[in-house]
Amino acid sequence: MLRSNSSLLLLLFCLAFTVFSNSSYSQSSSDKFVVVLDAGHGGEDPGNRGNGYYEKDIALKIVLKVGKELEKYEDLKVMYTRTTDVFIPLDKRAKIANDAKADLFVSIHCNGVANSAPSGTETFVLGLHRNEDNLEIAMKENSVIKFEDDYEVKYDGFDPTSPESYIGFTIMQEEFLDQSVLLANFVQNQFQGSLNLKNRGVKQAGFLVLRETYMPSVLIETGFLTNKTEGAFLNSKKGQQKLSNAIVDGINNYKNIINIKAIEAELSEYRVSSQDVMEDFSSVSFKVQLAASSRKIEPSPQNFKELSPITRHQENDLFKYLFGDTNNYVNAQTLKDKAKAEGYTSAFIVAFDSFGKKISIKEALKTRSSD
Ligand SMILES: [Zn+2]
């Protein structure tokens, strides 16, 4: 089922509101926002081999692309559970994140089933499976512990392939569930917006790797290797780049929501609340100004470090070069961060009304203010 964009945003708004009212959200001791990226499988554990591909290799390539992009952001610290083709036990993956007091744990996998028809992306948070499909996928991903010598001891007799084991599955992630769902929604939303892949939605299942972490955590199934078209897409450089871009944007959206206190301070003088600002400003278009010049340059991504879309706006004798187009102020913050990460360090947000006339941010935000 496809949700309309506005109802999805409403859902995100409600979730975000829950997150703010919950004081227990995780925060690392350093002032940087720490993200631990976890490429599923590795070494003697190949993951699924749909259409002859190696899940472990594709997951790692996507993770490295996500990390390379996130490392450009000054306020982010990126850590990896593995950067090469090695086997890492599930509990060690979680320990790396716990020891780092990470703000987020993001595990990346590719799906695989016996049938070649299923396709699409899905993002999991920890929970009890609501149907057989989710149990099946959790069993498959958890079965990697059989590569670990003493898994029966380490995981308290847990047998990944026995449905009975899942009945007593303890959920230690509960306090982070709202935030995990928020991130999962942002990621799926980005997949849906920028990729032509079926959105299978946000789901819950009993993944061991998520159970062992003490911070908001998600497991992303980026698509089915067992599906011919999707497998080829996942195995392509272009596909991996597109998927990683979407994951980066999802993480940044999440980070901006969590950091909304800073945005809120900026907004207080306009008498706009953070609740207001998370919703769409239907009559306003926010863009990010990258540069102003008397030179007329083609507004194409190639001329602006592949940022897209680029538009040109003329004011008197000056051409302004703008990146992005959104009626959501939080998204605009994310776009601005992205531009800064690409080297446009003085990038800032500008706003246009529904007639294309430039208005001040104050005027724009007032369209949602309560007075
Ligand atoms: Zn996997």
Side-chain angles (χ1 to χ4, degrees), residues 36-67 80-94 96-97 105-116 118-127 129 132-148 151 155 158-161 165-166 169 180 184 187-188 191 197 200-213 217-227 230-231 233-235 239-240 243-244 246-247:
V36 172
L37 299 174
D38 175 49
H41 313 278
E44 62 259 43
D45 165 23
N48 91 71
R49 296 287 326 273
N51 280 304
Y53 302 122
Y54 283 86
E55 179 187 355
K56 63 173 184 176
D57 292 343
I58 295 175
L60 180 60
K61 281 177 181 164
I62 295 173
V63 155
L64 293 177
K65 283 184 162 62
V66 170
Y80 305 84
T81 54
R82 70 179 180 99
T83 54
T84 56
D85 185 15
V86 288
F87 178 77
I88 314 274
L90 289 187
D91 63 335
K92 195 176 168 203
R93 294 169 192 259
I96 290 170
F105 178 80
V106 180
S107 187
I108 294 178
H109 292 250
C110 310
N111 236 325
V113 285
N115 180 342
S116 66
S119 67
T121 63
E122 51 196 13
T123 301
F124 287 89
V125 300
L126 186 70
H129 51 276
E132 286 302 307
D133 284 357
N134 295 6
L135 174 61
E136 197 184 316
I137 187 170
M139 278 180 159
K140 194 176 304 160
E141 298 291 12
N142 290 340
S143 67
V144 304
I145 62 171
K146 292 201 162 172
F147 287 92
E148 301 173 24
Y151 77 89
Y155 303 98
F158 184 85
D159 177 359
T161 51
S165 267
Y166 290 82
F169 199 87
S180 302
V187 170
Q188 282 302 126
F191 283 153
L197 300 175
R200 301 170 67 92
V202 173
K203 298 177 176 179
Q204 284 192 300
F207 289 102
L208 276 177
V209 70
L210 301 185
R211 190 181 73 167
E212 310 284 317
T213 62
S217 303
V218 298
L219 187 146
I220 304 171
E221 292 284 356
T222 51
F224 286 77
L225 293 179
T226 39
N227 178 285
E230 208 161 273
F233 178 75
L234 286 162
N235 192 48
Q240 289 158 7
L243 284 159
S244 68
I247 295 168

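Just so you know, ligand 1 is whichever comes first in the structure, and atom 1 is the first atom listed for that ligand. Atom set for the values below is all heavy atoms of this structure, side chains included, hydrogens, waters and symmetry mates excluded.
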Query raised in the report: Under the salt bridge (charged side-chain N to carboxylate O under 4.0 Å, His left out) rule, what pairs show up with a residue in residues 80-91, not counting sequence neighbours?
Result: Lys56-Asp85, Asp91-Lys154

Within 6.0 angstrom of [X] [atom1], more than 12 heavy atoms from elsewhere:
X	atom1	result
Lys92	NZ	no
Lys65	NZ	yes
Tyr54	OH	no

Query raised in the report: Between Phe147 and Phe87, how do the two ring planes meet: parallel, tilted or perpendicular, split at 30° and 60°?
Result: tilted

**Report entry** Under-2.8 Å neighbours of the Zn ion (ligand 1), protein N/O/S atoms only
**Finding:** 5

Query raised in the report: Under a 4.5 Å cut-off applied to non-hydrogen side-chain atoms, are Leu243 and Phe233 in contact?
Result: yes

